[in-house]
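This chain uses plain numbering: 1 for the first residue, then up along the sequence. All values below were derived from every heavy atom in this structure, side-chain atoms included, with hydrogens, water molecules and symmetry-related copies excluded.
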Amino acid sequence: MKMNIIKLTVLAGVFASYTSCSVQNNTVKTTPAKNTSKPNNPVKPKDPVTTVKPVTPVPPADENFRTVLPEVKREFRGAWIASVANINWPSRNNLTVDQQKAEAISMLDMLKDNNFNAAIFQIRPSADALYTSNIEPWSYFLTGQTGTAPYPNYDPLQFWIEEAHKRGLELHVWLNPYRAHHTNGGAVNSLSMVNKLSDIVVRLKNGMYWFDPANPKTQGHVSNVVKDIVKRYDIDAIHFDDYFYPYATYNRGADFPDNATWNEYLRNGGTLSRADWRRDNVNKFVERIYKEIHAEKDYVKFGISPFGIWKPGYPAGIVGSSQYDELYADAKLWLNKGWVDYFSPQLYWPIDAQGQGFEALLNWWKSENTMNRHLWPGLNTVEIKVSDRPTEIKNQIQISRQVLKNDAGEIHWSIAGLTKNANMLPTLKNGPYSEKALVPKTPWIKAVPLQTPTLFTADNGSFVQASWSAKNIGNVFQWILFTQYDGVWETEILTLDNLSRDIPKSKGGRKLNAVAIKAVDRLGNESDYMARKIK
């Protein structure tokens with residue numbers, strides 16, 4: 001909104017009551033309420049101007065001011081919540097709906113209370129669904145039988161999304177792209193994708209069933225699953241783990257049974273080696289999923305948590321399994337190409353591990369992060385092989401911060417690791433997670449800038465009653481409340497439903513000088529602020 005009349009009498013308070021314009025300048029000018037007329041064609045008023053008393057008490061406009069607010073801490077703090085084999089949630093496949101919900105709320109409350117900001121929730125462990133789907137059947141791990149809906153019926157994913165967002169937590173949905181049936185997943189029945197898509201599924205020697213990654217029908221099916229989830233649910237990210245082609249032990253050392261698609265490739269003139277052809281299948285799939293997610297909803301992130309070692313010898317001295325040669329996962333390429341928004345290599349070894357040093361591997365992955373995507377390592381919080389797990393995990397977080405600087409973060413495997421060891425949460429809460437943090441910004445994803453929220457303050461005796469709102473509140477995920485006592489700013493990250501606060505005028509002998517508010521969107525971007533002096 002532009003004001004063309006420059007020389008108007010300033011009447012404090014009225015303009016703030018009747019406009020939602022953002023405060024952007026050091027001086028906020030106000031205009032009296034009056035009949036509207038064109039600036040260059042004055043019209044004589046025929047009737048007296050009626051003065052309308054403001055409904056909301058607003059302090060004098062000269063209390064709005066510009067200042068320098070402190071930076072808010074940023075760090076990604078997530079935890080994996082596994083549904084496969086009922087590892088984390090639900091704890092059993094015969095819980096009632098109320099018991100399932102109670103377990104979920106307990107986990108989310110624990111994350112919120114200990115200053116985490118994300119949950120990575122497994123909703124598709126093996127071509128099944130812990131959500132309402134017309135593409136794949138209800139999960140055995142949810143109800144005890146593949147294809148059987150929960151009773152009374154509800155949508156677990158929708159429940160998790162709503163409850164996570166209420167607590168200011170991101171909800172990332174974790175899918176296993178190629179596993180068609182897990183050995184702990186009960187009997188294969190007529191509703192299982194093993195039978196419905198039998199032409200693209202193979203059976204491994206350990207009893208698992210796997211989609212053939214080379215089959216175009218496999219890629220199309222998984223693509224449809226992902227697009228369906230992104231389109232219908234208000235999620236924050238899609239997440240893949242480390243399972244692409246299966247680990248060799250799953251087939252007892254035998255080669256993956258893909259002769260049909262390999263021979264078809266050769267008949268059509270293919271020239272790649274079999275290993276390169278398999279890697280190419282996965283590479284094209286990863287690129288496709290990344291692009292399709294952002295075509296549907298640009299703000300939904302795509303994350304992958306590959307095995308922590310790309311190849312032995314990278315960096316020098318590293319030994320162990322090779323995802324490049326065993327899983328046919330060229331994870332380095334995906335990071336080099338920027339086909340992810342965040343990358344969480346599973347660095348599940350101790351800091352001083354011989355052959356798999358935590359810091360050496362993290363530094364190597366950082367050196368490969370040529371597109372500057374988020375790099376947040378996965379930590380083996382539940383069973384890392386050390387005598388003092390809480391101290392080890394705390395030290396790994398500190399190393400990650402030193403290596404990653406302003407884009408630090410980590411994901412804990414798994415949420416059980418936070419609770420099974422009595423000292424883990426206290427060590428984190430009293431140490432690296434002593435204060436809440438916003439997720440790091442994702443600058444390569446363009447977002448519509450948030451408008452400046454409007455801040456109102458009113459004297460309430462020994463408190464100042466502060467309240468705020470925003471025109472585009474549908475784009476707001478959180479608020480940052482700033483309070484200044486004796487010239488020193490303090491910050492607090494608040495959930496979306498917090499729209500007011502009674503702020504003490506004095507605290508610890510210090511006097512309240514000012515209050516400010518910012519809005520934060522779901523990608524961690526901050527709005528401009530509105531600040532008011534307190535007299």
Query - Rounded distance [0.5 Å steps], CH2 in Trp277 versus CG in Leu272 - result: 10.0 Å
Requested in this report: Under the salt bridge (charged side-chain N to carboxylate O under 4.0 Å, His left out) rule, collect the residues that match up with Arg203, sequence neighbours excluded.
Outcome: none
Query raised in the report: Does Arg389 come within less than 4.0 Å of Glu392, counting only side-chain N to carboxylate O?
Result: no
Query raised in the report: For the ring pair Phe256 and Tyr245, is the centre-to-centre distance below 6.0 Å?
Result: yes
Query raised in the report: Can you find a pair of side-chain heavy atoms, one from Tyr131 and one from Arg232, that are under 4.5 Å apart?
Result: yes
Query - Whether over 12 other heavy atoms sit under 6.0 Å from Lys394 NZ - result: no
Query raised in the report: Does Tyr140 have its ring centroid less than 6.0 Å away from the ring centroid of His182?
Result: no
Query raised in the report: Is Asn86 reaching over with its side chain to a backbone N or O of Ser91, donor-acceptor style, under 3.5 angstrom?
Result: no
Query raised in the report: Once you round to the nearest 0.5 Å, how far does CD of Glu435 lie from NZ of Lys429?
Result: 12.0 Å
Report task. Identify whether the distance between the nearest side-chain nitrogen and carboxylate oxygen of Lys301 and Glu170 falls below 4.0 Å. Result -> yes
Requested in this report: Find the distance between OG1 (Thr183) and CG (Asn206) and round it off to the nearest 0.5 Å.
Outcome: 6.0 Å
Report task. Please check if any side-chain donor atom of His181 sits under 3.5 Å from a side-chain acceptor atom of Asp128, or the reverse. Result -> no
Query raised in the report: Ion pair present between Glu287 and Lys284, side-chain N to carboxylate O less than 4.0 angstrom?
Result: no
Report summary line: Closest non-hydrogen contact found for Lys166 with Thr495 is O-CG2, 3.4 Å
Query raised in the report: Are Glu162 and Gln158 close enough that a side-chain donor and a side-chain acceptor fall under 3.5 Å?
Result: yes
Query - Aromatic ring proximity His172/Phe76, centre distance under 6.0 Å - result: yes
**Report entry** Asp276 backbone acceptor or donor facing Asp280 side chain under 3.5 Å
**Finding:** no
Query - Donor-acceptor side-chain pairing of His239 and Trp80 below 3.5 angstrom - result: yes
Report task. Fit a plane to each ring of Phe240 and Phe285, take the angle between them on a 0 to 90° scale, and name the class: parallel (under 30°), tilted (30 to 60°) or perpendicular (over 60°). Result -> parallel
Query - Side chain Gln478, main chain Ala519, donor-acceptor under 3.5 Å - result: no
Query raised in the report: Are any of the side-chain heavy atoms of Tyr342 and Ile304 separated by less than 4.5 Å?
Result: no
Query - Partners meeting side chain to side chain contact (heavy atoms under 4.5 Å, CB included) with Pro156 (sequence neighbours left out) - result: Trp89, Trp138, Leu142, Tyr154
Requested in this report: Report the C-alpha separation of Asn195 and Ser198 in whole Å, then their side-chain angles, then the decisive distance to 0.1 Å, and conclude whether the side chain to side chain donor-acceptor pair (under 3.5 Å) test is met.
Outcome: CA-CA 5 Å; Asn195 284 321; Ser198 59; over 6 Å; no
Query - Any residue meeting side chain to side chain contact (heavy atoms under 4.5 Å, CB included) with Thr419, in chain and number order, not counting sequence neighbours - result: Met110, Leu425
Report task. Under the side chain to side chain donor-acceptor pair (under 3.5 Å) rule, what do Asn215 and Thr261 come out as? Steps first, then yes or no, please. Result -> CA-CA 6 Å; Asn215 195 306; Thr261 45; over 6 Å; no
Report task. Taking the six-membered ring for Trp and the full ring for Phe, Tyr or His, determine whether the centres of Trp444 and His374 are under 6.0 Å apart. Result -> yes
Report task. Would you please indicate if the ring centroids of Trp376 and Phe343 are separated by under 6.0 Å? Result -> no
Query raised in the report: Does the cation-pi check pass for Arg179 over Tyr243, that is, NZ or CZ under 6.0 Å from the six-membered ring centre and within 45° of its axis?
Result: yes
Query raised in the report: Any side-chain heavy atom of Ser139 sitting closer than 4.5 Å to one from Thr146?
Result: no
Report summary line: The reported gap from CD1 in Ile493 to CG in Asn117 (rounded to nearest 0.5 angstrom) is 8.0 Å
Query raised in the report: For Asn380 and His412, what are the C-alpha separation, side-chain angles and deciding distance, and is it a side chain to side chain donor-acceptor pair (under 3.5 Å)?
Result: CA-CA 6 Å; Asn380 192 5; His412 296 263; over 6 Å; no
Query raised in the report: When rounded to the nearest 0.5 angstrom, what distance separates CG in Asn184 from CE in Met208?
Result: 7.5 Å
Query raised in the report: Below 4.0 angstrom, N of the basic side chain to O of the carboxylate: do Asp109 and Arg167 qualify?
Result: yes
Query raised in the report: Above 12 or not: heavy atoms from other molecules or residues under 6.0 Å from NZ of Lys73?
Result: yes
Requested in this report: Answer with yes or no after comparing the ring centroid distance for Phe244 and Tyr328 against a 6.0 Å cut-off, counting only values under it.
Outcome: no
Requested in this report: Answer yes or no: is there a side-chain heavy-atom contact under 4.5 Å between Val520 and Phe477?
Outcome: no
Report task. Evaluate whether atom NZ of Lys297 has more than 12 neighbouring non-hydrogen atoms of other residues, nucleotides or ligands under 6.0 angstrom away. Result -> yes
Query raised in the report: Would you find more than 12 non-hydrogen atoms of other residues, nucleotides or ligands less than 6.0 Å from Lys337 atom NZ?
Result: no
Query raised in the report: Do Arg401 and Glu75 come close enough that some side-chain heavy atom pair is under 4.5 Å?
Result: yes
Report task. Establish, from distance only, whether the side-chain atoms of Asp155 and Thr132 form a donor-acceptor pair under 3.5 Å. Result -> yes
**Report entry** Any Trp339 side-chain heavy atom under 4.5 Å of Ile289 side chain
**Finding:** no
Query raised in the report: Does Ser305 offer a backbone N or O that forms a donor-acceptor pair with the side chain of Gln346 under 3.5 Å?
Result: yes
Report task. Measure across Val476 and Ala470 and return the closest heavy-atom pair with its distance rounded to 0.1 Å. Result -> CG2-CB, 4.3 Å
Requested in this report: Begin from the C-alpha positions of Glu292 and Ser223 and carry the test side chain to side chain donor-acceptor pair (under 3.5 Å) through to its verdict.
Outcome: CA-CA 8 Å; Glu292 288 180 345; Ser223 165; 2.5 Å; yes
Query raised in the report: So, for Gln100 and Leu95, which heavy atoms are closest and what is the spacing to 0.1 Å?
Result: NE2-O, 3.6 Å
Query raised in the report: Is the side chain of Asn472 donor-acceptor paired with the backbone N or O of Leu450 at a distance under 3.5 Å, no angle test?
Result: no
Query raised in the report: Which class fits the ring pair Phe307 and Trp349: parallel under 30°, tilted 30 to 60°, perpendicular over 60°?
Result: perpendicular
**Report entry** Heavy-atom neighbours of Asn406 CG exceed 12 at 6.0 Å
**Finding:** no
Query raised in the report: Is Lys311 atom NZ crowded by more than 12 heavy atoms from other residues, nucleotides or ligands, each under 6.0 Å away?
Result: yes
Query raised in the report: Atom NE2 in His165, atom CD1 in Ile235: separation rounded to 0.5 Å?
Result: 9.0 Å
Requested in this report: Check whether the ring centres of Phe121 and Trp160 lie less than 6.0 Å apart, and answer yes or no.
Outcome: yes
Query raised in the report: Can you find a pair of side-chain heavy atoms, one from Phe358 and one from Ser400, that are under 4.5 Å apart?
Result: yes
Requested in this report: May I ask you to check whether Asp98 and Thr96 show a side-chain donor-acceptor distance below 3.5 Å?
Outcome: no
Query raised in the report: If only atom types and distance count, is the side chain of Arg252 paired as donor or acceptor with the main-chain N or O of Lys205 below 3.5 Å?
Result: yes
Query raised in the report: When the ring planes of Trp310 and Trp364 are compared, do they come out parallel, tilted or perpendicular, using 30° and 60° as the limits?
Result: parallel
Query - Side-chain touch Val202/Tyr209, heavy atoms, less than 4.5 angstrom - result: no
Query raised in the report: More than 12 foreign heavy atoms under 6.0 Å from OH of Tyr314: is that the case here?
Result: no
**Report entry** Lys441/Asp521 salt bridge by N-O under 4.0 Å criterion
**Finding:** no
